[in-house]
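These values consider heavy atoms only, across backbone and side chains, with no hydrogens, waters or symmetry-generated copies.
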Amino acid sequence: MRSPLPLTSILVKPAGPDCNLRCRYCFYLEKADYFHRTAGHRMSDEILEAMIRQTLAGCRGGVSFGWQGGEPTLMGLDFFKKAVAFQEQYGRGLQVSNGLQTNGILLDEQWAAFLARYRFLVGLSLDGPEHVHDHYRRTAADGPTWKQVSDRAAMLLKKGVEVNAISVVSDYSVHYPEEIYTYFKSAGLTFMQFIPCVELDPDHPTEAAPFAVDPSAFGTFLTTLFDLWWDDFDGIRPTTSIRYFEALFHAYVEAPPAMCTLQQECGTYIVVEHTGDVFSCDFYVDDDHRLGNVMEGDLAAMLNSPRQRNFGKKKGIRHDDCQQCEWLTYCWGGCPKDRLNNPAGDGLSRLCPAYRMLLSHAHERMSGLAEEWKKANGWDT
């Protein structure tokens, strides 16, 4: 039997699916229909306090709060000041960290001072240079947003806030890996995350959405990006950070990957919505994956509940091609939602061809780097 998992990471959606933009590829706005019973999608102070109290009571040593949406800054700065105050009240002796994923539009210098003071890691939704970003990241009136977001990035960096660029890879942006990478570097955004868009067409659910990335094109995107990342190494140390490659490298040094998509099982974190409802995963906010409510149950117990354990184990039910694949122990079949979003309906990840392409391309260099890294860090004894 699996030992009880501690609460090490919790994803919070304090404003639910509400957002001040209308990005054409967003998958979470539709959750407004799921939460139609609530008049306003805003987390109350009572739910906020109960969630933080339970999280800190159920962790061991440290925990990370990830604040997402929708757009979490719609809650206002005072809400996050209360969150930090509750963390200080209930988290004495614990290492508490915070991450804020935001489109950046509502951020100002007061926000920046707060985020710097409390060392929030900001994941800024910025797809790339102007023509890439503005292709899909639009306002409700279909206006562009790049200028505002790029200005916010510069402001945050100037104020000493740690910023990651979060870039959604779509059918359009997949053709510009070098331009996107070079743009981020020039903007001082040397920490980068790339999220492939694999949504189904809501009007034709057996087909990929028109903005979804093609697997073959995404494979070329990844291999090009890998070469750019690799060419910028200083000895055995990268000078830019690309989250997926670094998480993948963990597998090469036989360490747990720092991304759930690369882990052998799912279910190692939970999601708390604005209502206090708790779910198995960000991509499974539905009745089948509802674990309870923070005002009626205990978060640590929900994380270790039979329903959550069963959810985690389902990742291990893989296609025969996965079971026989030489790369299985590096990707473990990828994120299960990419299997559901595969129009082929064969149980394989839609992005399998892309990851096979990347691993074939990068394996020799990653293996060599792992050996050098182990020697440099005394792991080869």
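Inspection of the E71 and N20 side chains reveals no N or O donor paired with an N or O acceptor under 3.5 Å. Side-chain atoms of T224 and E178 form no donor-acceptor pair, as typed in the model, at a separation below 3.5 Å. Counted by atom type alone, Y25 and D127 present one or more donor-acceptor pairs between their side chains at under 3.5 Å.
A distance of 16.0 Å separates CZ of R309 from NZ of K314, quoted to the nearest 0.5 Å. How far OH of Y183 is from NE2 of H131: 11.0 Å, rounded to the nearest 0.5 Å. D142 contributes atom CG, which lies 10.0 Å from atom CG of D134 (distance to the nearest 0.5 angstrom). Taken to the nearest 0.5 Å, the OG atom of S167 stands 4.5 Å off from the CZ atom of F184. Residue E49 holds its CD atom at 12.5 Å from CE of M43, rounded to the nearest 0.5 Å. Taking OG of S125 as the start and CD of Q68 as the end, the distance is 8.5 Å to the nearest 0.5 Å.
Just one of F283, F311, F279 meets the ring-ring contact (aromatic ring centres under 6.0 Å, His included) condition when paired with H289; it is F311. Evaluated for a side-chain contact (heavy atoms from CB on, under 4.5 Å) with L11, the options I270, V272, V271 yield exactly one hit, V271.
Formation of a donor-acceptor pair under 3.5 Å by the T182 side chain with backbone atoms of E179 is not found in this model.
Summarising the local packing, CD of Q110 is surrounded by 12 or fewer heavy atoms from other residues, nucleotides or ligands at distances under 6.0 Å. Summarising the local packing, NE2 of H204 is surrounded by 12 or fewer heavy atoms from other residues, nucleotides or ligands at distances under 6.0 Å. D108 CG: more than 12 foreign heavy atoms inside a 6.0 Å radius.
We find that D227 and R365 are joined by a salt bridge, their nearest charged nitrogen and carboxylate oxygen being less than 4.0 Å apart. For K147 and D151, the salt-bridge test passes: some basic side-chain N is under 4.0 Å from an acidic carboxylate O.
Y181 has its ring centre no less than 6.0 Å from the ring centre of W229. Proximity of the aromatic rings of F211 and H135 is defined here by a centroid distance below 6.0 angstrom, and this criterion is not met.
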Inset, instruction - Report the C-alpha separation of Y244 and Y355 in whole Å, then their side-chain angles, then the decisive distance to 0.1 Å, and conclude whether the ring pair (Phe, Tyr, Trp, His ring centres under 6.0 Å) test is met. - result: CA-CA 11 Å; Y244 183 80; Y355 294 133; 5.4 Å; yes

Inset, instruction - In sequence, state the C-alpha distance, the side-chain angles, and the governing distance for K374 and E254, and then conclude on side chain to side chain contact (heavy atoms under 4.5 Å, CB included). - result: CA-CA 10 Å; K374 288 177 182 178; E254 300 171 16; 4.0 Å; yes

Inset, instruction - Would you check, one step at a time, whether the test ring pair (Phe, Tyr, Trp, His ring centres under 6.0 Å) holds for F194 with F221? - result: CA-CA 10 Å; F194 295 92; F221 179 93; 5.7 Å; yes

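Under a cutoff of 6.0 Å and an axis angle of 45°, K13 and F35 do not form a cation-pi pair.
Ring pair F249/W373 is perpendicular by interplanar angle, where above 60° counts as perpendicular and below 30° as parallel. Between Y176 and Y172, the ring-plane angle classifies as tilted under the 30° and 60° cut-offs.
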